[in-house]
Structures are given as C-alpha cells and as structure tokens.
Amino acid sequence: MQFRTTLAIVLLAVSPMVFGQDYEGWEGEGEVGVLITSGNTEETNINSRLGLVYEEDEWRNKGEFRSTFSETEDETTAEKYRGELQTDYKFEGSQYVFLRGAYEDDRFSGYDFQSSMTTGYGNRVWQRGERSFLDLSAGVGYRFNKLEEPDSDGNRDEEEAIARLAGQFDYALSENALFRQKLSTEIGLDENNTVTESETSVQATVVGNLSMKLAYLVQHISDEPEGSDDTDTEISLSLLYGF
C-alpha cells in the first residue's frame, strides 16, 4: 500500500479526536498577508494560514493549514500548500504523548509532495499564565516524499524512518503583544537527510480580536533535490484574527 494511502487512513483515524469535539471548545486564528505592486514591476504575494486548537483536561488537539502564492509579471514564482494535524494526550500535569501528521506540496521544491507521520513524548517544561510557555517534544516516525524527477538511481520515492525534535516558546510581552519561536528538526535515520524549520514571529493587537503579525520563516533541507536550493526563507507581514 502506498504511503499516501496509509497517511490518509491514519489522519482519518485521528480526525474524530481532532474535529469530533464540541465546537464551543475550539479556539483559532486566521491570518492573511497580501502585497500587490504595479508599475515597472507587477507582483502579487499572498500568504494565508488557519490555526485551530481544542484543549480539555486530557486532550489537546491542533490543526494548522498554510498556503503561499507569489506571481511576478504574470509568472508564478512561489506556490506552496501545507497541512499539519496533531493530537496530544496529557498526563501528570504538563506531560503528553502525541501523534502528528504533516503534508506539504511545494511547486518549486523539487518534490511532488513531502509527508511524515511521527509519535512521541512532550513536556510543557515551563508556563506562566495562559499565554507564556515552553513546550519540548521528541519522537520517531516515518517520512515519505515523492520527487518531481527521478534521482541518479531512477527512483522518485524517498522513504525512511525519522527522529523528530521540536520546541515552541510563547512569551507574552504585554497584554496586547506576543512573541513566538517555533523550531523543529526531522532527522533521517537511514539516509541522514535532515529537515529543519524555524519560525520567529511577533504579533500585536490592533483592535479587538484583530492583530498585526510579523514573521520570519526559515526551512533548510540537508540533502535537497538536484536543482533546488537547500534553504528557503520567508518574511511576512499579515493581519491575524483570533476567535
């Protein structure tokens, strides 16, 4: 059975935990950043994101969906879609075990798609109030990617066991401002291909539930497909609405 089918089955198994809850318990945020220029250079950049969280005594369920699109002089220069689902079972207060699935389709990455499934242990090692905390987690899983073009051996499939390390640090600068640092790395246990991602952001309330967000995203692949860059960076300024 192809891994894409396996991933779909697992995500369907997880989805009742993630999406089968009382909607009144959900919190979320949606953001969009748009830049359109004209004149000597016509350029359009659109970034969007939807994040959802449901948390109760024993369960914390999260979903995040992103898209990026850029066009210059009627030529598409960036197009990326990404989805992540994670469910945490909490115990002993701040500790938890997690199951996480991720899927990414980046038109200019050299991959047809990239996907992974991991499970492991995490701990909220520090928390102050509701908005300031540090989460650390470690786990193992499986990665399945499909290349756009065959490699030197004629293969398009990349699959291997992986180890995942991740952390998220949120710090409330004030009642209206929040600093967030997210860092993760997935290490291949067979081919040693490592994917590392860092996102640094600051958001500040404009009025009510509406905020401005400035973010810097870096993704590095140690063994990138031929003809692709090993590092992608993205700076975004967007409007964020919390609900």
Side-chain angles (χ1 to χ4, degrees), residues 7 11 14-15 18-19 21 23 25-36 43-55 60-71 76-88 98 100-109 111 113-116 118 130-131 133 135 137 164 166-173 176-186 195-221 231-243:
L7 179 63
L11 290 180
V14 174
S15 62
V18 178
F19 296 107
Q21 310 284 358
Y23 286 106
W26 282 99
E27 293 183 357
E29 54 187 25
E31 65 179 88
V32 61
V34 179
L35 174 62
I36 300 175
E43 184 173 358
T44 301
N45 295 284
I46 302 174
N47 296 317
S48 63
R49 171 181 167 272
L50 174 64
L52 298 170
V53 178
Y54 180 92
E55 188 162 1
R60 177 170 56 241
N61 304 309
K62 298 180 287 187
E64 185 170 273
F65 310 91
R66 296 173 175 263
S67 68
T68 301
F69 176 81
S70 181
E71 183 180 82
T76 301
T77 56
E79 187 175 0
K80 180 189 297 186
Y81 306 96
R82 179 173 179 173
E84 301 176 12
L85 292 176
Q86 179 170 323
T87 184
D88 303 334
F98 69 88
R100 177 183 182 274
Y103 181 91
E104 181 175 301
D105 182 352
D106 185 347
R107 178 176 169 184
F108 296 93
S109 66
Y111 289 102
F113 68 85
Q114 301 173 72
S115 61
S116 66
T118 52
E130 294 184 357
R131 300 171 63 223
F133 61 85
D135 275 355
S137 64
R164 176 179 171 83
Q168 178 173 330
F169 175 63
D170 280 21
Y171 186 77
L173 301 172
N176 299 318
L178 178 70
F179 170 84
R180 174 172 292 167
Q181 175 66 56
K182 298 172 70 175
L183 180 65
S184 66
T185 184
E186 292 184 349
V195 179
T196 302
E197 183 173 291
S198 170
E199 182 183 22
T200 307
S201 65
V202 178
Q203 65 187 63
T205 302
V206 177
V207 59
N209 293 334
L210 189 65
S211 303
M212 290 289 294
K213 178 181 175 182
L214 176 65
Y216 179 60
L217 178 67
V218 181
Q219 185 182 67
H220 176 77
I221 301 176
T231 303
D232 285 336
T233 61
E234 179 183 308
I235 299 175
S236 62
L237 179 64
S238 56
L239 282 174
L240 185 149
Y241 181 79
F243 55 91

Nearest 0.5 Å, what's the [atom1]-[atom2] distance between [X] and [Y]?
X	Y	atom1	atom2	result
Y81	D105	OH	CG	8.0 Å
S109	Q114	OG	CD	5.0 Å
S201	K182	OG	NZ	8.5 Å
K80	R107	NZ	CZ	14.0 Å
L214	Q203	CG	CD	11.0 Å
E186	R100	CD	CZ	5.5 Å

Looking at side-chain heavy atoms only, is the closest gap between [X] and [Y] below 4.5 Å?
X	Y	value
M212	L237	yes
F98	T118	yes
E79	T68	no
H220	S198	no
V195	E104	no
T76	F69	yes
F65	L85	yes
V202	Y216	no

Count the heavy atoms belonging to other residues, nucleotides or ligands that lie under 6.0 Å from CZ of F179, then report whether that count exceeds 12. yes

Residue pairs fulfilling side chain to side chain donor-acceptor pair (under 3.5 Å) with at least one residue in residues 234-243, sequence neighbours excluded: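 As it turns out, the side chain to side chain donor-acceptor pair (under 3.5 Å) pairs with a partner in residues 234-243, which skip direct neighbours, are E31-S238.
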
Where do [X] and [Y] come nearest, in terms of heavy atoms and distance?
X	Y	answer
Y103	S115	CD1-CB, 4.0 Å
N45	S70	OD1-OG, 2.6 Å
L240	R49	CD1-NH1, 4.4 Å

F133 vs Q168, test: side-chain contact (heavy atoms from CB on, under 4.5 Å). Steps then yes/no. CA-CA 8 Å; F133 61 85; Q168 178 173 330; 3.7 Å; yes

Got a salt bridge between K62 and E64, using NZ or NE/NH1/NH2 to carboxylate O under 4.0 Å? no

Salt-bridge criterion met for K213 and E29 (N-O under 4.0 Å): no

The criterion is salt bridge (charged side-chain N to carboxylate O under 4.0 Å, His left out); which residues satisfy it with R60, sequence neighbours excluded?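 For R60 the salt bridge (charged side-chain N to carboxylate O under 4.0 Å, His left out) partners, ignoring immediate neighbours, are E55, D88.
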
Test of understanding: with side chain to side chain donor-acceptor pair (under 3.5 Å), list the residues that count as partners of T233, not counting sequence neighbours.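 Testing T233 for side chain to side chain donor-acceptor pair (under 3.5 Å), a comparison that skips the adjacent residues, returns none.
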
Trace of the side-chain contact (heavy atoms from CB on, under 4.5 Å) decision for T200 with F169: CA-CA 10 Å; T200 307; F169 175 63; over 6 Å; no

Can you check side-chain contact (heavy atoms from CB on, under 4.5 Å) on R131 and D170, steps first, answer last? CA-CA 7 Å; R131 300 171 63 223; D170 280 21; over 6 Å; no

